[in-house]
Q: 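First the structure, then my questions, so here it is.
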Amino acid sequence: MIALAVLLFINAAFNVIVWPRFYKRVVNDPRARDADGKATVFLKVHAILIAIALVLAVVSVIAGIAALAGVL
């Protein structure tokens, strides 16, 4: 179970470190906004994918704690 917990914590750390930095790059990409300054599908899809990755990070931390506590 310890190996599972470590794997889940590494997954969560990766998601928390990588995806917010990637979001900054997406927001600054010229494809993120149209001529009127409105968010494009490019920005919306990436924002949703990044949000899902961050939710998975939270789930990974919770599952990692559960694995350490012996609940899993």
Q: Distance check, rounded to the nearest 0.5 Å: Met1 atom CE versus Leu8 atom CG?
A: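 Output value for this atom pair is 10.0 Å.
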Q: Looking at CH2 of Trp19 and NE2 of His46, how far apart are the two atoms once the value is rounded to the nearest 0.5 Å?
A: 8.5 Å
Q: So, the side chain of Thr40 versus the backbone of Ala32: is there a donor-acceptor pair under 3.5 Å, distance only?
A: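 Yes; at least one donor-acceptor contact below 3.5 Å.
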Q: Is there a path of hydrophobic side-chain contacts, each under 4.5 Å between heavy atoms of I/L/V/M/F/W/Y residues, joining Phe14 to Phe9?
A: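 Different hydrophobic clusters.
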Q: Is there a donor-acceptor contact under 3.5 Å from the side chain of Asp36 to the main chain of Lys38?
A: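 The answer is no, because no donor-acceptor pair under 3.5 Å joins these two groups.
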Q: With a 4.5 Å limit on heavy-atom distance, are the side chains of Phe42 and Val26 in contact?
A: yes
Q: Applying side chain to side chain contact (heavy atoms under 4.5 Å, CB included), name anything that partners Val27, two or more places apart in sequence or on another chain.
A: Tyr23, Leu43
Q: Can you give each donor-acceptor pair under 3.5 Å made by side-chain atoms of residues 56-72, sequence neighbours left out, with the distance rounded to 0.1 Å?
A:
unit_1: Ser60; atom_1: OG; unit_2: Asn11; atom_2: ND2; d: 2.6
unit_1: Ser60; atom_1: OG; unit_2: Leu56; atom_2: O; d: 2.9

